[in-house]
Amino acid sequence: MDPKGHKLTEITFNLIVDSSPSAVVLVNEQGRIAYVNRQCETLFGYSAPELIGKPVEMLIPERFKGGHAALRMDYSKLPSLRRMGAGRELTALRQDGTEFPVEIGLNPMVLADGSWVLATIIDITKRQQAEARFRQVVDSAPNAMILVDKAGFITLVNQQAIVLFGYSKEEMLGHRVEMLLPITTQSFHGALRDSFFAKPQTRFMGVGRDLAARRKDGTEFPVEVGLNPIQTEDGMVALASIVDITTRRQNEELRSKKEAAEAAYKAKGDLLAIASHDLKNPLAAITGLAEIMLEMKKVEPAASGQDLEFLQNIYDASKHMSEVIMGILESEGIEQQALTFDAQSVDLSALCAELVRFSEAPAQQKNIRLLSNIESGIEVPGNKTRLREALENYVSNAIKYSPLGKTVEVRLVALPEQNMVEFGVKDEGQGLTEDDKTKVFGKFRKLSARPTGGESSTGLGLSIVKTIIELHKGTVGCESQAGEGAYFWARLPHTINS
């Protein structure tokens, strides 16, 4: 090449290199700087004359200088186009002593006087700062976050992902994302990932279909996943935000079951109310007519004993059925009103004393001695009408099932250690068998004991008591042995927690 051509080539080279947006350094075989562009002067703070002819190690921090010559020699033995800094940290040194992270591209150049290296140097300080901010945002995210490259390898995880999946960071980084999927879905996940990267866009997955993830211990759980494509220096990656929706699913199932149960409960109540109402009026008419005819027959001289017996049976049966139907209506009415229960202060001591007074007449009819042991000043929050109904049922049952001449005792005591009060009625009747105890508070449960004065029983009274007391956040119970009487109690809290 003639001198003019050589000069022209050098000028062209200088123009091309100076126009590069990156710092460029040309290094000869001896490791000395032969040329730098303006961007290199700006980046390192040296002028070109201060760099030309100097060892390239002057641009490297002191702690790395010792091993750099050997690396340079290794490169000269097998020169090739290389990108350095991806996946590991490289640091350069400015004239003022400050260090900064860099990426370096090496390009071998064979010239007349040997093999030289053209190094392109990029300051990646801002990129690292942006990555650090990105990592900080990911780490502070409330959801599990995972960064996955095109090949499906995990390159970043946050603390929430570690907690959610049970793996350590080291166990996830560099491994395929399929490790976090159920075994049944791992085989076709690659195709779905390729589809995402073929047309990368923000996607929200899991709505309208079931998605599941898999923990380290093998347990699977439902998830929703948000996918966001992110362009990086190394290409497109996917940032996956993963939300465990186990609790939400459980709440949805509970809500669905609750709504279904409430609908069924209301339908049952409506059906019973309609059926009971349709039966109540005809039965009332039958009972009324039977009573009238019974009274007429009793005063009719020619009335036969058999006629009177038939009419009495009709009257007794229809009256009993009416009581059963009224019990059903009462029971359903109490349960249907449970949600609207409004607690007010009730003087339970006064209520119990009143019940004892009103029960003296039926007790005297059976020559039953009625005793009371009622502590004064006991008040509870509740519905006075309902509480009266429940407690009165206890007293009337005790009288109904006690033989003539026995004793019934009504008690009301405070249980301060339990923050409760106890209302109880003790009788000297037949008592309950073990089988009776298991069903005594159930609906339509008839016991082995029978009323002692010819009274009827619907089998609903104690179930109504139980419903009322439980609506007041209380409990009911019975202590008894066959042949030794029974003690029925109801415990109510001093306060009702909603």
Side-chain angles (χ1 to χ4, degrees), residues 276 319-320 322-338 341 346 348-363 365-366 368 370-374 378 380 382-402 406-412 421-432 436-437 439-480 485-492:
S276 298
K319 185 178 180 182
H320 177 74
S322 295
E323 291 174 353
V324 170
I325 289 171
M326 292 303 296
I328 292 173
L329 290 173
E330 177 72 5
S331 177
E332 289 303 317
I334 293 170
E335 294 181 11
Q336 293 290 339
Q337 294 170 15
F341 175 69
V346 177
L348 204 59
S349 297
L351 179 60
C352 291
E354 188 178 275
L355 283 176
V356 171
R357 287 198 305 273
F358 289 162
S359 301
E360 286 176 352
Q365 290 177 3
K366 296 181 66 174
I368 288 175
L370 192 59
L371 303 178
S372 63
N373 182 11
I374 300 171
I378 293 180
V380 296
N383 182 289
K384 183 177 180 180
T385 301
R386 293 302 183 192
L387 287 175
R388 178 196 297 275
E389 183 178 358
L391 305 185
E392 186 177 25
N393 198 292
Y394 269 179
V395 178
S396 63
N397 267 7
I399 295 171
K400 183 188 297 184
Y401 286 91
S402 291
K406 296 294 184 179
T407 299
V408 170
E409 181 182 4
V410 179
R411 301 174 183 175
L412 178 66
V421 299
E422 180 177 293
F423 172 86
V425 180
K426 181 174 177 54
D427 63 51
E428 297 179 344
Q430 304 171 45
L432 301 178
D436 286 341
K437 290 180 184 179
K439 58 186 181 182
V440 65
F441 288 99
K443 290 183 179 180
F444 302 108
R445 297 299 183 92
K446 294 298 185 66
L447 308 181
S448 56
R450 293 287 180 266
T452 58
E455 304 93 333
S456 65
S457 174
T458 65
L460 282 167
L462 291 177
S463 71
I464 293 175
V465 172
K466 182 174 183 290
T467 300
I468 293 173
I469 298 302
E470 288 182 349
L471 288 180
H472 287 74
K473 309 299 181 184
T475 57
V476 295
C478 174
E479 298 166 11
S480 177
Y487 176 63
F488 282 86
W489 53 264
R491 293 180 186 138
L492 296 166

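For the single chain, residues carry numbers from 1 onward in sequence order.
Residues passing the salt bridge (charged side-chain N to carboxylate O under 4.0 Å, His left out) test with Glu409 are Arg411, sequence neighbours excluded. Not counting sequence neighbours, the partners of Ala390 by the side chain to side chain contact (heavy atoms under 4.5 Å, CB included) test are Val465, Ile468, Ile469. Applying the salt bridge (charged side-chain N to carboxylate O under 4.0 Å, His left out) rule to Glu360 yields no partners; only residues at least two apart in sequence or on another chain are considered. Partners of Ser359 according to the side chain to side chain contact (heavy atoms under 4.5 Å, CB included) rule, which considers only residues two or more places apart in sequence or in another chain, are Leu370, Val395, Ile399. Glu354 pairs by the salt bridge (charged side-chain N to carboxylate O under 4.0 Å, His left out) definition with Arg388, not counting sequence neighbours. Scanning for side chain to side chain contact (heavy atoms under 4.5 Å, CB included) contacts around Glu428 gives Lys406, Thr407, with sequence neighbours left out.
Interatomic distance, Phe423 CZ to Leu412 CG, rounded to the nearest 0.5 Å: 7.5 Å. Atom CG of Leu492 is separated from atom CD of Glu422 by 10.0 Å, given to the nearest 0.5 angstrom. With rounding to the nearest 0.5 angstrom, the CG atom of Leu355 is 5.0 Å from the CG atom of Leu351. Distance check: Glu392 CD to Asn397 CG gives 10.5 Å after rounding to the nearest 0.5 Å. Between atom CG of residue Leu391 and atom CZ of residue Arg386 there is a gap of 13.0 Å, rounded to the nearest 0.5 Å. Taken from CD1 in Ile368 to CG in Leu371, the straight-line distance is 11.5 Å, to the nearest 0.5 Å.
Side chain of Tyr487 to backbone of Val425: no donor-acceptor contact under 3.5 angstrom is found. Although no hydrogens or angles enter the test, the distance criterion places a donor-acceptor pair under 3.5 Å between the side chain of Ser480 and the main chain of Gly485. Although no hydrogens or angles enter the test, the distance criterion places a donor-acceptor pair under 3.5 Å between the side chain of His472 and the main chain of Asn383. Under a 3.5 Å cut-off, the side chain of Ser372 and the backbone N or O of Val410 do not form any donor-acceptor pair.
The minimum heavy-atom distance between Gly382 and Val346, with the atom names listed, is O-CG2, 3.4 Å. Across all their heavy atoms, Ile374 and Ser349 have their closest contact at CG2-O, 3.9 Å. Considering every non-hydrogen atom in both Val408 and Ser402, the closest pair reads CG2-OG, 3.7 Å.
At a threshold of 4.5 Å between non-hydrogen side-chain atoms, the residues Glu470 and Thr475 do not count as touching.
Using cut-offs of 30° and 60° on the angle between ring planes, the pair Tyr394 and Phe488 is tilted.
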